[in-house]
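Quick notes on the structure that follows.
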Amino acid sequence: MNFKHVIRIASITFEESYRKKFLYILLFLSAILMVSAFLFDPFNIGQQLPVVKDICLTGLSFFGLTLTFALFLTAIPNEIEKKTLYPLLSKPVSRSDYLWGKFLGNMAMVFINLLVITLEITFLINKLIPSDINMAFRMAELKPIIWSAFLLFVECGVVGALIVLFSPFMSYPVNLVLTLLMYISGNVSQGYINFIAAEQSSSLGAMLAIVLKYILPNFEYFHIKNSVVHSYIVDPVYVSGSALYGLVYIMIVLLIADILFQRKDL
Amino acid sequence: MDYAIKTENLVKVYTGKKKSAGKPVNALVDLNLEVKVGDIYGFIGPNGAGKTTTIKSLMGLIRPTSGKAFIMGKPAGSVEAKQLVGYLSEVAYYYPFMEVGKLLDFYCSFYEIPRSQRKSKIEETLALVRLSDKINAKMSELSKGMMQRFGIAQAIIAKPPLLILDELTSGLDPIAQKEVKDIVLDLKKQGQTIFFSSHMMTEVENICDQIGIIYSGVMLKSAPLDAFLKEESGDFSKIVFEEASDSVLAKFKEKKIDTEKIRAGVYSAVVPDKDLEDFIDMLRAEKCRVSEVNPRRYSLEDAFFQLIKESEKK
Ligand SMILES: Nc1ncnc2c1ncn2[C@@H]1O[C@H](COP(=O)(O)OP(=O)(O)O)[C@@H](O)[C@H]1O
Ligand SMILES: [Mg+2]
């Protein structure tokens with residue numbers, strides 16, 4: 001793998017995606033969100049702040065994941081279908097360069113978008129905190145929002161890596177359904193999974209539980225919204241642990257994707 | 001001997017569900033191909049013969065079922081091999097949102113060419129394919145012919161020692177075809193090694209010096225162009241005759257010469273020049289009117305059909 005090549009492919013992927021219309025629709029929706037900051041009554045903040053935070057973070061997850069699906073689902077299948085891959089792969093470029101470049105380019109786009117919307121949200125929340133509140137408290141309210149967005153970014157990376165894994169071999173509707181299924185099953189709480197695993201008497205059921213437990217990503221790790229909304233303390237160690245988990249998961253999935261993609265007839 | 005391209009018993013069986021509805025397709029059968037440095041090699045065969053399959057294997061775009069392929073001695077598809085070859089695919093699309101010059105720069109950036117030299121290289125290449133005035137145009141604004149010339153540009157941008165062009169002129173109008181061919185002739189003058197595939201025999205006769213004929217995944221014959229044309233001793237003439245009776249046609253059949261019906265009572269036949277007088281005498285004796293006699297050179301096309309006929313007999 002050649003790192004310079006990966007970056008070049010990432011940047012052209014980025015360039016291609018910022019021409020897509022849905023991006024502007026997403027950003028427009030988020031702008032509306034920001035404008036709505038001015039509609040809140042600053043005197044009732046006690047009850048309003050958690051509600052606003054909840055809405056914003058839910059919206060952020062929705063934006064981030066929708067964007068990830070929209071960018072990743074078509075990225076590689078389109079290039080295979082339209083054969084724009086031929087002139088590129090006939091240059092001294094390896095398939096690994098291409099795969100990692102595509103992943104990183106799309107993730108860069110996800111990052112920029114999440115960054116913009118997160119900044120809007122922190123700006124909005126900051127406005128809702130009464131002006132006589134001191135800086136330390138203010139930061140304690142705002143920092144977890146950034147962490148939450150950061151973990152969402154990692155989560156999007158996991159979803160993106162899974163889509164990349166499947167996309168050379170599946171049409172995008174199939175890939176969408178499969179990845180969505182994995183996402184939903186990955187959201188089943190660990191407590192339930194342990195319970196299911198203990199209850200299974202048939203070997204098939206036990207196997208399914210093992211798949212759920214060890215193979216599917218555990219998206220629960222990335223969700224700290226409840227703590228953020230209710231202004232509980234968010235432990236930075238927990239955040240970095242989750243991020244590390246996500247990163248390792250992404251690496252493993254992409255390595256498998258890379259091996260499979262090498263064998264594909266284009 | 002230095003080979004620009006060499007394959008050893010290349011086999012490709014497509015087992016996919018897509019095109020063949022479950023049945024495996026033997027697209028390449030023990031293909032041995034040798035192209036020397038400096039050759040202009042025309043790889044000829046009808047549609048579906050396996051030309052694109054061969055070329056995609058050479059570029060590492062598909063994985064041969066068995067056998068080996070080398071580009072300049074390097075394993076086909078490896079990054080080292082791809083340093084040494086420029087490729088124009090049969091169906092080629094390029095990022096439509098990019099400008100011509102920028103896209104060339106992008107492709108160029110994968111070679112070890114200093115950034116400072118890239119600009120002049122791009123201008124030089126665009127001049128060669130006559131697209132200098134389009135350097136700032138979007139790819140989506142190019143016509144089909146221009147697109148194909150851009151395709152040549154992206155293949156030669158790093159001056160690779162070998163060029164592989166798949167169906168260079170198919171789908172282009174005659175003017176665009178000529179433009180593209182002229183570029184290839186320019187490259188030929190510069191001593192470029194070129195391997196190109198075509199399903200049109202007439203196209204390659206005036207460009208190539210080596211020809212390989214592939215049919216149903218089998219290489220029927222690979223030899224210098226002359227060897228194909230000198231195959232049959234002497235030249236031929238085409239005669240057209242009218243008011244032909246069955247007995248005349250039977251006499252042609254006796255001598256194993258095919259006749260072709262043009263319209264009722266009017267037939268044509270291609271006969272060797274050495275027998276031409278005999279045939280004309282015979283036709284006169286049978287009271288046929290000979291309306292046309294034209295010299296006809298034995299062409300690559302004739303060689304091609306003859307090879308196919310022979311291979312089908314086996
Ligand atoms: N992806 C594929 N799946 C199944 N069969 C294929 C595929 N690509 C080509 N073929 C078959 O392989 C044979 C050779 O095709 P190809 O190499 O494209 O021929 P050519 O380029 O000489 O026209 C044909 O019979 C074609 O139908
Ligand atoms: Mg072809």
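All figures in this text were calculated on a predicted structure; none of them were measured in a lab. Chain letters run A, B, ... following the sequence lines, proteins first and then strands; every chain starts at 1. Note: hydrogens, waters and symmetry copies are ignored here, and every other heavy atom, side chains too, is used.
Taken from OG in A:Ser90 to OH in B:Tyr107, the straight-line distance is 8.0 Å, to the nearest 0.5 Å. In this structure, the separation between CG on A:Leu89 and OG on B:Ser89 is 11.0 Å, given to the nearest 0.5 Å.
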B:Met98 vs A:Glu16, side chain to side chain contact (heavy atoms under 4.5 Å, CB included): CA-CA, chis, key distance, verdict: CA-CA 9 Å; B:Met98 294 280 283; A:Glu16 182 173 14; over 6 Å; no
List the steps, then state whether side-chain hydrogen bond (donor to acceptor under 3.5 Å, both in side chains) holds for B:Gln83 with A:Lys91. CA-CA 7 Å; B:Gln83 300 270 7; A:Lys91 304 295 173 288; over 6 Å; no
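Around atom OH of B:Tyr93, no more than 12 heavy atoms belonging to other residues, nucleotides or ligands sit under 6.0 Å away. More than 12 heavy atoms of other residues, nucleotides or ligands shown are found within 6.0 angstrom of CZ on B:Phe97. In this structure, A:Phe62 places its CZ atom where only 12 or fewer heavy-atom neighbours from other residues, nucleotides or ligands lie under 6.0 Å away. Counted within 6.0 Å of CE on A:Met1, heavy atoms from surrounding residues, nucleotides or ligands total more than 12; the atom is thus considered enclosed. Other residues, nucleotides and ligands contribute only 12 or fewer heavy atoms inside 6.0 Å of the CD atom of B:Glu112. Atom CZ of A:Arg263 sits in a sparse spot, with 12 or fewer heavy atoms from other residues, nucleotides or ligands closer than 6.0 Å.
Residues of residues 73-88 of chain A placed with any heavy atom under 4.5 Å of a heavy atom in chain B are listed by number as A:Glu79, A:Lys82, A:Lys83, A:Thr84, A:Tyr86, A:Pro87, A:Leu88. Of all residues in residues 50-81 of chain B, those placing a non-hydrogen atom less than 4.5 angstrom from a non-hydrogen atom of chain A are B:Lys56, B:Met59, B:Gly60, B:Leu61, B:Ile62, B:Arg63, B:Val79.
Both the backbone and the side chain of A:Arg8 come within less than 4.5 Å of a heavy atom in chain B. Neither the backbone nor the side chain of B:Lys102 comes within contact range of chain A, judged by heavy atoms closer than 4.5 Å. If you measure heavy-atom distances from A:Arg95 to chain B, the contacts under 4.5 Å come from the side chain alone.
Of the possible polar contacts, one joining the B:Lys82 side chain to the A:Val93 backbone as a donor-acceptor pair under 3.5 Å is found.
Contact between B:Lys12 and A:Asp265 at its shortest, heavy atoms only, is NZ-OD2, 2.6 Å.
Taking chain A as the reference chain and counting heavy-atom pairs below 4.5 Å, the highest number among B:Tyr95, B:Tyr87, B:Tyr94 is found for B:Tyr95.
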